[in-house]
Amino acid sequence: MTATLITNARLIDPEQGTVTAGAALLRDGVLAELFASPEPGVTDADRIDARGAFLAPGIVDIGVKVGEPGDRHKESYKTAGLAAAAGGVTTIVTRPDTTPAIDTPEVLEFIRDRAEDDSPVNVLPMAALTKGRAGREMTEIGFLLDAGAVAFTDCDHVVTDTKVLARAMTYARSLGALVIGHPQEPGLSKGGAATSGKFASLRGLPSVSPMAERMGLDRDIALVEMTGVRYHADQITTARALPALERAKKNGFDVTAGTSMHHLTLNEMDLADYRTFFKVKPPLRSEDDRQAVVEAVRSGLIDIIGSFHTPQDEESKRLPFEEAASGAVGLETMLPVLLRLYHSGELDLPTLFRALSLNPARRLGLPCGRMAAGAPADLVLFDADKPFILDRFKLQSKSKNTPFDGARLQGKVLATFVAGKAVYRSA
(Lines give C-alpha, C1' and ligand atoms only; values in the text may rest on other atoms or scores of the structure.)
Protein backbone atom coordinates (compact mmCIF):
# COMPACT_ATOMS: atom_id res chain seq x y z
CA MET A 1 0.00 0.00 0.00
CA THR A 2 1.29 3.46 -0.92
CA ALA A 3 2.10 5.67 2.04
CA THR A 4 0.65 9.18 2.32
CA LEU A 5 2.20 12.10 4.17
CA ILE A 6 -0.12 14.98 5.13
CA THR A 7 1.97 18.07 5.81
CA ASN A 8 1.27 21.55 7.18
CA ALA A 9 -1.79 20.37 9.11
CA ARG A 10 -3.30 21.34 12.43
CA LEU A 11 -3.76 18.04 14.28
CA ILE A 12 -6.84 17.70 16.52
CA ASP A 13 -6.29 15.22 19.35
CA PRO A 14 -9.55 14.61 21.26
CA GLU A 15 -7.78 12.39 23.82
CA GLN A 16 -5.29 15.06 24.84
CA GLY A 17 -7.64 17.97 24.14
CA THR A 18 -5.08 19.70 21.94
CA VAL A 19 -4.68 21.27 18.51
CA THR A 20 -1.06 21.35 17.32
CA ALA A 21 0.75 22.12 14.08
CA GLY A 22 2.35 19.08 12.51
CA ALA A 23 2.15 16.30 9.95
CA ALA A 24 0.86 12.72 9.77
CA LEU A 25 2.17 9.65 7.94
CA LEU A 26 -0.43 7.11 6.80
CA ARG A 27 0.99 3.68 5.98
CA ASP A 28 -0.54 0.18 5.74
CA GLY A 29 -3.93 1.45 6.86
CA VAL A 30 -2.78 3.01 10.12
CA LEU A 31 -1.38 6.28 11.41
CA ALA A 32 2.25 5.22 11.24
CA GLU A 33 3.73 8.38 12.74
CA LEU A 34 2.81 11.90 13.85
CA PHE A 35 5.30 14.72 13.52
CA ALA A 36 5.64 17.98 15.43
CA SER A 37 7.27 19.46 12.34
CA PRO A 38 4.84 20.57 9.60
CA GLU A 39 7.37 19.45 6.94
CA PRO A 40 9.12 16.24 8.08
CA GLY A 41 11.82 14.68 5.93
CA VAL A 42 9.84 11.68 4.68
CA THR A 43 10.62 10.84 1.05
CA ASP A 44 8.88 7.50 0.38
CA ALA A 45 5.28 8.74 0.51
CA ASP A 46 2.79 10.67 -1.58
CA ARG A 47 2.49 14.17 -0.14
CA ILE A 48 -0.65 16.18 0.54
CA ASP A 49 -0.13 19.79 1.63
CA ALA A 50 -2.94 20.61 4.08
CA ARG A 51 -2.09 24.33 3.91
CA GLY A 52 -3.09 24.85 7.52
CA ALA A 53 -6.32 22.86 7.42
CA PHE A 54 -7.39 20.71 10.37
CA LEU A 55 -6.75 16.95 10.45
CA ALA A 56 -8.96 14.99 12.88
CA PRO A 57 -10.08 11.42 13.54
CA GLY A 58 -12.91 10.43 11.21
CA ILE A 59 -16.44 10.77 12.56
CA VAL A 60 -18.16 7.66 13.98
CA ASP A 61 -21.87 8.30 13.45
CA ILE A 62 -24.22 6.17 15.59
CA GLY A 63 -27.86 5.98 14.49
CA VAL A 64 -27.79 6.29 10.70
CA LYS A 65 -30.91 5.20 8.78
CA VAL A 66 -30.31 3.50 5.44
CA GLY A 67 -33.28 2.42 3.35
CA GLU A 68 -32.11 -1.13 2.68
CA PRO A 69 -34.09 -3.32 2.90
CA GLY A 70 -37.49 -1.82 2.13
CA ASP A 71 -36.90 1.84 1.25
CA ARG A 72 -33.98 1.80 -1.16
CA HIS A 73 -35.58 4.67 -3.06
CA LYS A 74 -34.89 6.89 -0.04
CA GLU A 75 -31.27 5.83 0.57
CA SER A 76 -28.98 3.00 -0.46
CA TYR A 77 -25.69 1.90 1.06
CA LYS A 78 -23.90 3.38 -1.93
CA THR A 79 -25.46 6.84 -1.59
CA ALA A 80 -25.23 6.81 2.21
CA GLY A 81 -21.56 5.87 1.95
CA LEU A 82 -20.87 8.64 -0.55
CA ALA A 83 -22.67 11.17 1.66
CA ALA A 84 -20.71 9.98 4.69
CA ALA A 85 -17.38 10.28 2.88
CA ALA A 86 -18.26 13.80 1.73
CA GLY A 87 -19.09 14.71 5.33
CA GLY A 88 -15.95 13.33 6.99
CA VAL A 89 -17.81 10.31 8.44
CA THR A 90 -15.59 7.23 8.26
CA THR A 91 -17.84 4.81 10.17
CA ILE A 92 -21.63 4.69 10.03
CA VAL A 93 -23.51 2.65 12.62
CA THR A 94 -26.84 1.79 11.04
CA ARG A 95 -30.27 1.51 12.64
CA PRO A 96 -32.44 -1.60 12.38
CA ASP A 97 -35.70 0.28 11.65
CA THR A 98 -35.92 -1.09 8.11
CA THR A 99 -38.61 -3.11 6.33
CA PRO A 100 -38.29 -5.84 7.49
CA ALA A 101 -36.51 -4.94 10.70
CA ILE A 102 -32.97 -6.22 11.15
CA ASP A 103 -33.92 -8.84 13.71
CA THR A 104 -32.40 -12.09 12.36
CA PRO A 105 -28.83 -13.12 11.50
CA GLU A 106 -29.90 -13.67 7.88
CA VAL A 107 -31.10 -10.07 7.41
CA LEU A 108 -28.02 -8.77 9.23
CA GLU A 109 -25.68 -10.74 6.98
CA PHE A 110 -27.49 -9.41 3.90
CA ILE A 111 -26.93 -5.88 5.19
CA ARG A 112 -23.26 -6.49 5.90
CA ASP A 113 -22.66 -7.98 2.45
CA ARG A 114 -24.47 -5.12 0.71
CA ALA A 115 -22.59 -2.49 2.70
CA GLU A 116 -19.22 -4.14 2.07
CA ASP A 117 -19.89 -4.17 -1.68
CA ASP A 118 -21.31 -0.66 -2.02
CA SER A 119 -20.10 1.67 0.73
CA PRO A 120 -16.71 3.43 0.63
CA VAL A 121 -16.77 3.89 4.44
CA ASN A 122 -17.00 1.43 7.31
CA VAL A 123 -20.52 0.19 8.09
CA LEU A 124 -21.44 -1.40 11.43
CA PRO A 125 -25.03 -2.61 11.82
CA MET A 126 -27.17 -2.50 14.93
CA ALA A 127 -29.91 -5.10 15.38
CA ALA A 128 -33.41 -4.91 16.81
CA LEU A 129 -33.84 -5.63 20.52
CA THR A 130 -37.25 -7.27 20.02
CA LYS A 131 -38.63 -9.18 17.05
CA GLY A 132 -40.11 -6.84 14.47
CA ARG A 133 -39.39 -4.01 16.94
CA ALA A 134 -42.83 -4.90 18.30
CA GLY A 135 -41.80 -5.01 21.97
CA ARG A 136 -43.23 -8.47 22.65
CA GLU A 137 -40.37 -10.97 22.29
CA MET A 138 -36.64 -10.38 22.38
CA THR A 139 -34.45 -11.25 19.41
CA GLU A 140 -31.73 -13.91 19.37
CA ILE A 141 -29.15 -11.52 20.78
CA GLY A 142 -26.36 -14.09 20.91
CA PHE A 143 -26.74 -15.18 17.28
CA LEU A 144 -26.99 -11.55 16.16
CA LEU A 145 -23.81 -10.69 18.06
CA ASP A 146 -22.06 -13.54 16.26
CA ALA A 147 -23.37 -12.19 12.94
CA GLY A 148 -21.80 -8.79 13.63
CA ALA A 149 -24.36 -6.65 15.48
CA VAL A 150 -22.62 -3.94 17.51
CA ALA A 151 -25.65 -2.88 19.59
CA PHE A 152 -29.35 -3.58 20.06
CA THR A 153 -32.19 -1.08 19.80
CA ASP A 154 -35.83 -0.77 18.81
CA CYS A 155 -35.13 2.86 17.86
CA ASP A 156 -38.20 5.06 18.40
CA HIS A 157 -40.48 2.06 19.02
CA VAL A 158 -40.18 2.23 22.81
CA VAL A 159 -40.71 -1.15 24.50
CA THR A 160 -43.76 -0.49 26.66
CA ASP A 161 -43.79 -3.90 28.43
CA THR A 162 -41.27 -3.34 31.20
CA LYS A 163 -40.96 -7.06 31.92
CA VAL A 164 -39.99 -7.79 28.30
CA LEU A 165 -37.43 -4.97 28.37
CA ALA A 166 -36.01 -6.19 31.69
CA ARG A 167 -35.60 -9.73 30.32
CA ALA A 168 -33.91 -8.45 27.16
CA MET A 169 -31.57 -6.26 29.21
CA THR A 170 -30.71 -9.15 31.54
CA TYR A 171 -29.88 -11.40 28.59
CA ALA A 172 -27.87 -8.63 26.91
CA ARG A 173 -25.97 -8.14 30.17
CA SER A 174 -24.98 -11.81 30.23
CA LEU A 175 -23.46 -11.44 26.76
CA GLY A 176 -21.89 -8.02 27.29
CA ALA A 177 -24.13 -6.50 24.60
CA LEU A 178 -24.86 -2.78 24.40
CA VAL A 179 -28.53 -1.76 24.55
CA ILE A 180 -29.51 1.59 23.05
CA GLY A 181 -32.73 3.19 24.28
CA HIS A 182 -34.87 6.06 23.03
CA PRO A 183 -35.90 7.90 26.20
CA GLN A 184 -39.56 8.79 25.74
CA GLU A 185 -42.73 7.94 27.60
CA PRO A 186 -44.71 6.64 24.62
CA GLY A 187 -48.15 7.56 25.86
CA LEU A 188 -47.26 11.19 26.49
CA SER A 189 -45.22 11.57 23.30
CA LYS A 190 -47.72 9.90 20.94
CA GLY A 191 -48.70 12.25 18.13
CA GLY A 192 -46.47 15.09 19.32
CA ALA A 193 -45.11 17.26 16.52
CA ALA A 194 -43.67 20.06 18.67
CA THR A 195 -42.53 20.63 22.25
CA SER A 196 -45.33 21.82 24.54
CA GLY A 197 -45.39 25.47 25.52
CA LYS A 198 -46.49 28.87 24.33
CA PHE A 199 -44.99 28.47 20.86
CA ALA A 200 -46.76 25.16 20.10
CA SER A 201 -50.04 26.60 21.40
CA LEU A 202 -49.76 29.70 19.22
CA ARG A 203 -49.03 27.55 16.17
CA GLY A 204 -51.80 25.07 16.96
CA LEU A 205 -49.44 22.09 16.84
CA PRO A 206 -49.97 18.84 18.79
CA SER A 207 -47.24 18.83 21.39
CA VAL A 208 -45.34 16.66 23.84
CA SER A 209 -44.03 17.71 27.26
CA PRO A 210 -40.27 17.60 27.91
CA MET A 211 -41.20 15.44 30.91
CA ALA A 212 -41.86 12.56 28.51
CA GLU A 213 -38.11 12.33 27.91
CA ARG A 214 -37.34 12.55 31.62
CA MET A 215 -39.88 9.83 32.47
CA GLY A 216 -38.57 7.51 29.77
CA LEU A 217 -34.99 7.97 30.92
CA ASP A 218 -35.92 7.42 34.57
CA ARG A 219 -37.52 4.08 33.72
CA ASP A 220 -34.58 2.92 31.63
CA ILE A 221 -32.06 3.90 34.31
CA ALA A 222 -34.05 1.96 36.92
CA LEU A 223 -33.83 -1.11 34.69
CA VAL A 224 -30.11 -0.53 34.18
CA GLU A 225 -29.71 -0.51 37.96
CA MET A 226 -31.70 -3.75 38.19
CA THR A 227 -29.96 -5.62 35.35
CA GLY A 228 -26.46 -4.11 35.15
CA VAL A 229 -26.68 -3.85 31.35
CA ARG A 230 -24.48 -1.58 29.23
CA TYR A 231 -26.85 1.20 28.18
CA HIS A 232 -26.75 4.19 25.86
CA ALA A 233 -29.54 6.79 25.60
CA ASP A 234 -29.65 7.74 21.93
CA GLN A 235 -30.92 11.32 22.25
CA ILE A 236 -31.02 13.53 25.31
CA THR A 237 -32.55 16.83 24.20
CA THR A 238 -34.04 18.53 27.28
CA ALA A 239 -32.66 20.15 30.42
CA ARG A 240 -35.12 18.17 32.54
CA ALA A 241 -33.44 14.85 31.63
CA LEU A 242 -29.90 15.92 32.51
CA PRO A 243 -30.07 15.54 36.34
CA ALA A 244 -31.23 11.92 35.98
CA LEU A 245 -28.36 11.21 33.60
CA GLU A 246 -25.88 12.83 35.97
CA ARG A 247 -27.13 10.77 38.92
CA ALA A 248 -26.85 7.54 36.91
CA LYS A 249 -23.23 8.28 36.05
CA LYS A 250 -22.36 9.28 39.63
CA ASN A 251 -23.90 6.01 40.84
CA GLY A 252 -21.45 4.12 38.63
CA PHE A 253 -23.94 2.68 36.17
CA ASP A 254 -22.59 1.77 32.72
CA VAL A 255 -24.59 4.55 31.05
CA THR A 256 -23.71 6.93 28.24
CA ALA A 257 -25.85 9.38 26.29
CA GLY A 258 -25.99 11.05 22.92
CA THR A 259 -27.72 13.96 21.29
CA SER A 260 -28.33 15.09 17.72
CA MET A 261 -26.80 17.79 15.56
CA HIS A 262 -30.26 19.32 15.12
CA HIS A 263 -30.98 19.72 18.83
CA LEU A 264 -27.58 21.36 19.32
CA THR A 265 -28.03 23.95 16.57
CA LEU A 266 -31.80 24.55 16.14
CA ASN A 267 -34.73 25.33 18.44
CA GLU A 268 -38.53 25.28 18.33
CA MET A 269 -38.70 28.76 16.82
CA ASP A 270 -37.35 27.29 13.57
CA LEU A 271 -40.77 25.66 13.10
CA ALA A 272 -42.44 29.07 12.75
CA ASP A 273 -43.35 28.73 9.07
CA TYR A 274 -44.47 25.08 9.46
CA ARG A 275 -41.46 23.94 7.43
CA THR A 276 -41.63 20.17 7.59
CA PHE A 277 -37.89 19.76 6.89
CA PHE A 278 -37.50 20.96 10.51
CA LYS A 279 -39.73 18.18 11.83
CA VAL A 280 -37.50 15.71 13.66
CA LYS A 281 -37.95 13.19 16.47
CA PRO A 282 -37.88 14.17 19.30
CA PRO A 283 -39.24 17.58 18.23
CA LEU A 284 -37.02 20.64 18.41
CA ARG A 285 -36.83 22.08 21.91
CA SER A 286 -36.66 25.51 23.52
CA GLU A 287 -33.55 27.67 23.33
CA ASP A 288 -32.97 27.07 27.06
CA ASP A 289 -32.94 23.33 26.37
CA ARG A 290 -30.56 23.77 23.45
CA GLN A 291 -28.11 25.71 25.57
CA ALA A 292 -28.33 23.17 28.39
CA VAL A 293 -27.57 20.32 25.98
CA VAL A 294 -24.60 22.20 24.50
CA GLU A 295 -23.25 22.71 28.02
CA ALA A 296 -23.75 18.99 28.74
CA VAL A 297 -21.64 18.13 25.69
CA ARG A 298 -18.97 20.62 26.77
CA SER A 299 -18.81 19.15 30.28
CA GLY A 300 -18.84 15.55 29.05
CA LEU A 301 -22.18 14.66 30.63
CA ILE A 302 -23.48 13.94 27.12
CA ASP A 303 -20.89 11.74 25.48
CA ILE A 304 -21.80 11.47 21.79
CA ILE A 305 -23.17 13.61 18.96
CA GLY A 306 -24.86 11.95 15.99
CA SER A 307 -26.48 13.06 12.75
CA PHE A 308 -29.49 10.74 13.16
CA HIS A 309 -29.54 10.71 9.38
CA THR A 310 -33.14 9.91 8.40
CA PRO A 311 -33.83 10.17 4.66
CA GLN A 312 -37.43 10.88 3.65
CA ASP A 313 -38.80 11.35 0.15
CA GLU A 314 -40.57 14.51 -0.99
CA GLU A 315 -44.01 12.88 -0.83
CA SER A 316 -43.68 12.13 2.88
CA LYS A 317 -42.45 15.63 3.71
CA ARG A 318 -44.75 17.76 1.51
CA LEU A 319 -47.71 17.27 3.84
CA PRO A 320 -49.38 19.27 6.63
CA PHE A 321 -46.94 19.56 9.51
CA GLU A 322 -48.71 17.08 11.81
CA GLU A 323 -48.90 14.45 9.05
CA ALA A 324 -45.40 14.86 7.59
CA ALA A 325 -42.73 12.24 8.30
CA SER A 326 -40.09 13.07 10.90
CA GLY A 327 -36.39 13.19 10.22
CA ALA A 328 -33.65 14.90 8.24
CA VAL A 329 -30.53 13.84 6.38
CA GLY A 330 -27.31 14.75 8.14
CA LEU A 331 -24.32 12.64 7.09
CA GLU A 332 -22.93 15.27 4.74
CA THR A 333 -24.06 18.35 6.67
CA MET A 334 -23.19 17.39 10.27
CA LEU A 335 -19.63 18.72 10.42
CA PRO A 336 -20.24 22.16 8.84
CA VAL A 337 -23.43 22.58 10.88
CA LEU A 338 -21.70 21.71 14.16
CA LEU A 339 -18.84 24.06 13.31
CA ARG A 340 -21.36 26.80 14.05
CA LEU A 341 -20.77 25.92 17.71
CA TYR A 342 -17.01 26.26 17.20
CA HIS A 343 -17.27 29.61 15.47
CA SER A 344 -19.64 30.92 18.17
CA GLY A 345 -17.22 29.84 20.92
CA GLU A 346 -19.64 27.31 22.44
CA LEU A 347 -17.44 24.23 21.78
CA ASP A 348 -13.76 23.92 20.93
CA LEU A 349 -12.60 21.45 18.29
CA PRO A 350 -11.09 18.79 20.61
CA THR A 351 -14.35 18.71 22.58
CA LEU A 352 -16.36 18.47 19.38
CA PHE A 353 -14.31 15.55 18.07
CA ARG A 354 -14.35 13.87 21.45
CA ALA A 355 -18.13 13.59 20.98
CA LEU A 356 -18.01 12.87 17.24
CA SER A 357 -15.13 10.39 17.06
CA LEU A 358 -13.42 9.31 20.27
CA ASN A 359 -16.40 8.61 22.53
CA PRO A 360 -18.57 6.71 20.00
CA ALA A 361 -15.56 4.58 19.06
CA ARG A 362 -14.85 3.82 22.71
CA ARG A 363 -18.49 2.99 23.44
CA LEU A 364 -18.50 0.43 20.62
CA GLY A 365 -15.04 -0.92 21.45
CA LEU A 366 -13.49 0.31 18.20
CA PRO A 367 -9.80 1.21 17.79
CA CYS A 368 -10.55 4.32 15.69
CA GLY A 369 -11.43 7.84 16.84
CA ARG A 370 -7.88 8.64 18.02
CA MET A 371 -5.08 10.81 16.68
CA ALA A 372 -2.26 8.54 17.79
CA ALA A 373 0.43 6.39 16.20
CA GLY A 374 -0.93 2.90 15.51
CA ALA A 375 -4.57 3.98 15.31
CA PRO A 376 -6.53 3.25 12.12
CA ALA A 377 -5.92 5.88 9.45
CA ASP A 378 -9.59 6.92 9.40
CA LEU A 379 -9.28 10.68 9.15
CA VAL A 380 -10.96 13.86 7.96
CA LEU A 381 -9.13 16.89 6.61
CA PHE A 382 -11.24 20.05 6.66
CA ASP A 383 -11.10 23.83 6.34
CA ALA A 384 -13.10 25.16 9.29
CA ASP A 385 -13.37 28.67 7.86
CA LYS A 386 -14.42 28.15 4.25
CA PRO A 387 -17.89 29.70 3.73
CA PHE A 388 -20.57 28.28 1.46
CA ILE A 389 -24.33 28.27 0.97
CA LEU A 390 -25.83 24.80 1.27
CA ASP A 391 -27.73 23.57 -1.77
CA ARG A 392 -29.66 20.44 -0.87
CA PHE A 393 -29.78 19.27 -4.47
CA LYS A 394 -25.99 18.93 -4.44
CA LEU A 395 -26.05 16.48 -1.52
CA GLN A 396 -24.92 12.91 -2.21
CA SER A 397 -27.92 11.38 -0.42
CA LYS A 398 -30.85 10.19 -2.52
CA SER A 399 -33.19 12.13 -0.25
CA LYS A 400 -32.69 15.86 0.16
CA ASN A 401 -34.68 16.58 3.33
CA THR A 402 -32.33 18.90 5.19
CA PRO A 403 -33.45 21.86 7.32
CA PHE A 404 -30.26 23.68 6.31
CA ASP A 405 -31.11 24.20 2.64
CA GLY A 406 -29.96 27.71 1.73
CA ALA A 407 -28.15 28.17 5.05
CA ARG A 408 -24.85 30.05 5.19
CA LEU A 409 -22.32 27.65 6.68
CA GLN A 410 -18.60 27.74 7.42
CA GLY A 411 -16.46 24.63 7.08
CA LYS A 412 -15.78 22.27 4.18
CA VAL A 413 -14.39 18.74 4.13
CA LEU A 414 -11.31 18.63 1.91
CA ALA A 415 -10.56 14.90 2.11
CA THR A 416 -11.71 11.78 3.95
CA PHE A 417 -9.48 8.74 4.49
CA VAL A 418 -10.56 5.21 5.43
CA ALA A 419 -7.71 2.83 6.32
CA GLY A 420 -5.35 5.34 4.73
CA LYS A 421 -7.18 5.44 1.41
CA ALA A 422 -8.75 8.69 0.20
CA VAL A 423 -12.45 7.93 -0.25
CA TYR A 424 -13.33 11.58 -0.84
CA ARG A 425 -11.43 14.60 -2.20
CA SER A 426 -13.14 17.95 -2.69
CA ALA A 427 -13.21 19.40 -6.18
Side-chain angles (χ1 to χ4, degrees), residues 53-54 59 61 63-65 75 79-80 82-89 194-195 199 203 235 237 259-287 289-291 293-294 297 305-314 316-318 321 324-347 349 352-353 355-356 380 382-414 416 424 426-427:
F54 292 98
I59 297 169
D61 193 3
V64 173
K65 172 70 177 287
E75 194 79 284
T79 55
L82 291 172
V89 177
T195 300
F199 178 81
R203 288 294 183 273
Q235 292 192 70
T237 62
T259 193
S260 85
M261 57 181 277
H262 303 106
H263 292 92
L264 287 169
T265 58
L266 302 170
N267 64 34
E268 61 186 355
M269 304 301 287
D270 290 299
L271 305 179
D273 295 327
Y274 301 99
R275 293 178 61 191
T276 58
F277 279 8
F278 287 87
K279 186 181 181 184
V280 294
K281 188 183 289 187
L284 294 176
R285 307 300 193 180
S286 70
E287 176 61 12
D289 282 326
R290 188 197 72 81
Q291 291 183 15
V293 171
V294 170
V297 172
I305 302 171
S307 71
F308 292 88
H309 179 85
T310 305
Q312 301 286 6
D313 53 28
E314 298 284 325
S316 61
K317 278 292 189 181
R318 300 296 187 189
F321 196 90
S326 298
V329 294
L331 282 168
E332 196 170 343
T333 59
M334 177 161 60
L335 183 55
V337 165
L338 291 173
L339 285 173
R340 286 178 164 181
L341 302 176
Y342 162 68
H343 290 298
S344 66
E346 294 175 272
L347 293 177
L349 289 176
L352 187 59
F353 277 89
L356 287 172
V380 54
F382 66 97
D383 181 345
D385 298 315
K386 187 171 183 178
F388 69 102
I389 296 175
L390 182 69
D391 180 352
R392 70 187 184 102
F393 294 105
K394 293 182 179 179
L395 296 176
Q396 299 286 340
S397 294
K398 281 189 178 182
S399 297
K400 313 296 182 184
N401 54 308
T402 172
F404 299 101
D405 184 37
R408 297 177 183 274
L409 299 174
Q410 236 181 315
K412 290 281 283 184
V413 172
L414 304 177
T416 302
Y424 173 79
S426 65

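FYI, side chains are in, hydrogens and waters are out, and symmetry mates aren't considered; it's all heavy atoms of this structure.
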**Item:** Short side-chain donor-acceptor distance under 3.5 Å, Q235 and T237
**Value:** no

* Going by atom types only, do D405 and T402 share a side-chain donor-acceptor pair under 3.5 Å? -> no

On a heavy-atom basis, the closest approach of V329 and H262 is O-NE2, 4.2 Å

N/O donor-acceptor pair under 3.5 Å between [X] side chain and [Y] backbone:
X    : Y    : value
E268 : L284 : no
D61  : V89  : no
D383 : L414 : no
K317 : A325 : yes
T416 : A85  : yes

With R275 as the cation and F321 as the aromatic partner, state whether NZ or CZ is under 6.0 Å from the six-membered ring centre and within 45° of the axis. no

Residue set satisfying side chain to side chain contact (heavy atoms under 4.5 Å, CB included) with R340, at least two apart, ordered chain then number -> F404, A407, L409

Sequence neighbours excluded, the answer for side chain to side chain contact (heavy atoms under 4.5 Å, CB included) partners of A83 is L331, E332, Q396, S397

Ring pair (Phe, Tyr, Trp, His ring centres under 6.0 Å) filter on F382, not counting sequence neighbours, yields F54, F353

